[in-house]
Peer 1: 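Structure below; questions to follow.
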Amino acid sequence: MDKKSKMKKILHHENTPMLLVLFGIVVVIVILEGTIVRGGTFSQVAFIKGSNIANVLVQISVTGIMAIGMTMVMISGGMDLSCGQMVSFAGCLLAHLVVKTEWATVPAVIAVIVVCVLFQMAMGIIISRTKLEPFIVSLGFMSIYQGLSYLITQGREITMGDQLGFIKNMKISFGENRFYLGMSVMLLIALTIIMWLILKYSKYGRWVYAVGGNESAAYLAGIPVKKFKVALYGFNGLFISIATLTLLARVGAGSPPMGSGKEIDVIAAVVVGGTALAGGKGNMWGTFIGVLLLGSISNALNILGVSPYYQYIMKGLLILVSIYIGYIGGKKKTAR
Amino acid sequence: MSKKIVYELEDISKSYPGVKVFEHLNLDVEEGEIHCLCGENGAGKSTLIKILSGAHAPNSGTIRFEGKRLTNLNPRQAMEMGVQTIYQEHNLFMDLSVTENMFCGNEIVKGSVIDRREMKRQAKAVLQILHSDIDPDETVSSLASGAQKMVEIARGLIQNAKVLILDEPTASFSKKEIEHLLACLKDLAAKGMSIVYISHHLEEVFEIADRITVIRDGQKICTKPKVEFTEQGLISEMVGRDVSMFYNRERTVIGEILFEAKDITGNGVKKCSITARAGEIVGIYGMVGSGRTEFAEVLFGEKKKEKGEIFIKGSKVQIKSPKDAIHRKMCFITEDRQGTGLFLNHALDKNIPIAKYTLQTGALALPAQDTKLALEYISSLGIVTPGVEQNVVNLSGGNQQKVVLAKWFATKGDIFIFDEPTRGVDIGAKEEIYKLMVKLLKAKKTIIMISSDMLELIAMSDRALVMRKGNLVATVEKEELREEVLLQYSIGGNEING
């Protein structure tokens, strides 16, 4: 009896549908690759090889870290379209500080983190003190960051030396199958776990849901809504700056387009992961699954030799399907 | 003498998956009568209206309109037939004008162009029938709630209306607006229109009804002419039990002063003072817009106070936000529980502990603790729910209100402000809420209660303040607490000192 109810709980968990979708897609990809690309020799399938999985994880880590902050912002009913351009801005600023003005790495990194947090808090102040839509406010900031990164770099790429090598080189390898966890992936996993714990097991986590669920009721229940929102956007800035560091370490150069379009990937992953655009609903592992889903689709299409142009279409379809699944789930819940 | 029957339901049964709403229900509406439906919340009134309006189809039974048997009735068809339904919630396009709203979907066209002038002329004519001075060009969002309801009624009338169904039309009306509406309805009925009227307010029912049908638990209890009912009798038919004890509150020992506010100004409130002692209920009465809720908002720190002082247990305190108020052991049960009291799409065990966390210094919040707390209050307050993980949106009004109470009880507060504690709550749950309030008093807590329901205010209060236009106009002691006294002060026919 107890086992049965436990089973039921797992089946009704909000992340179960997307986890099944992820699993299904992996199976489909393996079958497709095994039959079409490898001609039936399934032992040769590259998609589930350690090195490829490690690769996918590295590729998703930037989006994944950004998505952590975005999940909190979106559950609280907010939105940040500026995060992609903020990555460009922060990346260009860091490259500029280190290369052009020859700052030491540590102070430059700290400065960039502080700048990201402060800019996001400024945005949080505007959003929480006025009735302006977060969508529009962050759209404004998005353009500002884009301008700033072009101003800093004068439109050129700033190539860095090995200043961020400590991020790039640190990794844990696992034996022969060439599976490894890079620093960025470890950061992604560690931060996801930390923020999951905070969201689920702290009163501040409750506040995130409360503010997104009903702002007036949250305020009347004693939550300092305005300050709290500012803090959330500040945290979002922190995650964006960490994501920037890992990206910059990997590509080795700061340039204005480096973060362009990332906001779309991030928001898509968060939404696929079950966070409601209206706020009040969502969770960290859902977002993690969303990031994995979108990342593995891109990788699989590469392996299958599908034109990269199809990737956008696939991504779009995936978003639509997952939102539809969320919609059906929501409908079931209210009908019960 | 029997009149012509316009609309008739015969042997109707309706069930939703898992829930039986009606069985073998009969109802007939005569030409030119005002037919009131009475019943507790959840008795099935709303479903009945949906069947009458064609929105829901019954599982079995016959519907007849003017003698014709109808099958597969849909709302469009019902409207074309002449059955116009005005639902509880506003159903208007807020950014369109009165005329545009009235003709929406039925625009008058000259050739292929909309004839605005003709539409406006007709709109004006219909509004005149309703004795309303609403400007047909006005944007609906700029009208008061009562006027908006009038626009909806006018919209119903402009399409051929033989039967007009109104579900709780007066929910947010002032006394004057109610009187106006009731007068209009009587007028329309006198001209031969049949009106089906649903209201919680028995005084309205007794004012206008020709016949009253009582529904309880999906069954028709009776249909009788109004004159055969007394108010007391009607209530006992609705609940099926004697309610004479209902308004007889248990008295409690009144202790020392817990809460005192002096000369509070701000948020439209002018120099209002209030004192509340342990074990007493201080009522606040006033018309809608008199500043009652605004006063409470300032006391609780939700809205800014310009002047005035607040004392709790004799010492002066600063309350600048709800957070401060909660730390001073204050609780505020707002009038709009769905808008400002609950997280509708969150589970019970997320709703109940939320205010308690404000007082907690540590950051730890364990879901198991939340569940335990929720279960405690579910059993102690008798909240009816399938489980703690249920979203509160799925609960009935009375149970939702209990969740709000649980949220505040969990803070272990001493000073309770209740704003319309039983609005939209059925009679059974009302009584339970009153009992909970008395329980608070016995625990030496104090209650400030705002209520539009005079009977509730008179029965529950130890003392009542009356507000008018942001001013405190009178303090009425228990002995003088009568309807006519409250009305006189709050409407203020003659000036009152103070």
Side-chain angles (χ1 to χ4, degrees), chain A residues 5-6 8-14 75-77 128 194-228 231 235 274-283 326-327 329-336, chain B residues 16-18 297 300-302 320-328 330-334 336-347 349-370 386-387 389-394 404 407-408 410-411 413 417:
Chain A
S5 68
K6 208 164 189 179
K8 216 172 169 182
K9 213 170 173 183
I10 292 170
L11 276 176
H12 281 130
H13 192 274
E14 51 185 336
I75 294 175
S76 77
S128 61
I194 292 170
M195 295 321 290
W196 162 64
L197 289 173
I198 289 180
L199 260 190
K200 189 152 189 203
Y201 296 101
S202 83
K203 76 167 177 181
Y204 303 110
R206 296 301 144 75
W207 287 9
V208 174
Y209 289 98
V211 170
N214 184 343
E215 199 173 318
S216 325
Y219 180 61
L220 283 168
I223 299 171
V225 172
K226 288 176 185 170
K227 281 184 207 160
F228 188 65
F235 267 97
T275 299
L277 271 176
K281 184 173 168 281
N283 71 86
Y327 163 75
K331 236 172 133 180
K332 241 187 203 159
K333 206 156 192 181
T334 31
R336 247 195 310 169
Chain B
Y16 296 108
E297 285 169 351
F300 197 66
E302 182 190 352
K320 291 186 171 155
S321 66
K323 186 180 159 197
D324 293 345
I326 292 168
H327 278 279
R328 301 290 178 188
M330 289 176 72
C331 301
F332 184 19
I333 293 92
T334 56
D336 177 10
R337 66 176 159 267
Q338 303 209 338
T340 56
L342 292 168
F343 305 92
L344 284 177
N345 292 313
H346 292 176
D349 62 351
K350 292 289 171 283
N351 269 277
I352 291 172
I354 194 72
K356 196 192 97 194
Y357 282 125
T358 302
L359 292 170
Q360 181 182 310
T361 41
L364 198 65
L366 296 174
Q369 293 281 345
D370 295 346
E389 72 288 342
Q390 188 73 11
N391 289 349
V392 291
V393 67
N394 298 327
V404 175
K407 177 180 81 177
W408 291 113
T411 67
I417 304 174

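The chains referred to below are lettered A, B, ... by the order of the sequence lines, with proteins before strands, and numbering in each begins at 1.
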Peer 1: Please flag which part of B/Asp370 lies under 4.5 Å from any non-hydrogen atom of chain A: side chain, backbone, both or neither.
Peer 2: side chain
Peer 1: For B/Ala325, give me all partners under side-chain contact (heavy atoms from CB on, under 4.5 Å), at least two apart in sequence or on another chain.
Peer 2: B/Phe300, B/Ile319, B/Met330
Peer 1: Only counting residues at least two apart or in another chain, list the ones meeting salt bridge (Lys or Arg N to Asp or Glu O under 4.0 Å) with A/Glu215.
Peer 2: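 With neighbours one apart ignored, the set is A/Lys229.
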Peer 1: Taking all non-hydrogen atoms of both residues, which atom of A/Ala210 and which atom of B/Ile354 are closest, and how far apart?
Peer 2: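 That would be CB-CD1, 3.8 Å.
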Peer 1: Could you tell me which non-hydrogen atom of A/Asn214 sits nearest to which non-hydrogen atom of B/Thr340, and how far apart they are?
Peer 2: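 Reported closest heavy-atom pair: ND2-N, 4.2 Å.
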Peer 1: Given heavy-atom pairs under 4.5 angstrom as the criterion, report whether the side chain, backbone, both or neither of A/Ala276 touches chain B.
Peer 2: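 For A/Ala276, there is no contact with chain B at all, as no heavy atom is under 4.5 Å.
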Peer 1: Hey, what do you get for OH (A/Tyr209) to CG (B/Asn345), rounding to the nearest 0.5 Å?
Peer 2: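 Answer for the OH-CG pair, A/Tyr209 versus B/Asn345, is 14.0 Å.
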Peer 1: For B/Leu364, is it the side chain, the backbone, both or neither that has a heavy atom under 4.5 Å from a heavy atom of chain A?
Peer 2: both
Peer 1: Where on B/Tyr357 is there a heavy atom nearer than 4.5 Å to chain A: the side chain, the backbone, both, or neither?
Peer 2: both
Peer 1: Quick one: what part of B/Thr411 sits under 4.5 Å from any heavy atom of chain A, side chain, backbone, both or neither?
Peer 2: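 No part of it gets close to chain A.
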Peer 1: Rounded to the nearest 0.5 Å, what's the gap from CD on B/Gln360 to CZ on A/Arg206? Could you check?
Peer 2: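 Between B/Gln360 CD and A/Arg206 CZ, I get 9.5 Å after rounding to 0.5 Å.
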Peer 1: How many angstroms lie between NZ in A/Lys200 and CG in B/Leu366, if you round to the nearest 0.5 Å?
Peer 2: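 If I round to the nearest 0.5 Å, the distance is 10.5 Å.
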Peer 1: Once rounded to the nearest 0.5 Å, what's the spacing between atom OG of B/Ser321 and atom NZ of A/Lys226?
Peer 2: 11.0 Å
Peer 1: Check whether B/His346 reaches the backbone of A/Gly280 with its side chain - one donor and one acceptor, N or O, closer than 3.5 Å.
Peer 2: yes
Peer 1: What pair of heavy atoms forms the shortest contact from B/Ala365 to A/Lys203, and how long is it?
Peer 2: CB-N, 3.5 Å
Peer 1: Taking side chain as everything from C-beta outward and backbone as N, CA, C, O, which of these in B/Leu342 sits under 4.5 Å from a heavy atom of chain A? Side chain, backbone, both or neither.
Peer 2: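 Backbone only.
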Peer 1: Of all heavy-atom pairs between A/Leu220 and B/Trp408, which one has the smallest distance, and what is that distance?
Peer 2: O-CH2, 3.2 Å
Peer 1: Can you tell me if A/Phe228 has over 12 outside heavy atoms packed within less than 6.0 Å of its CZ?
Peer 2: yes
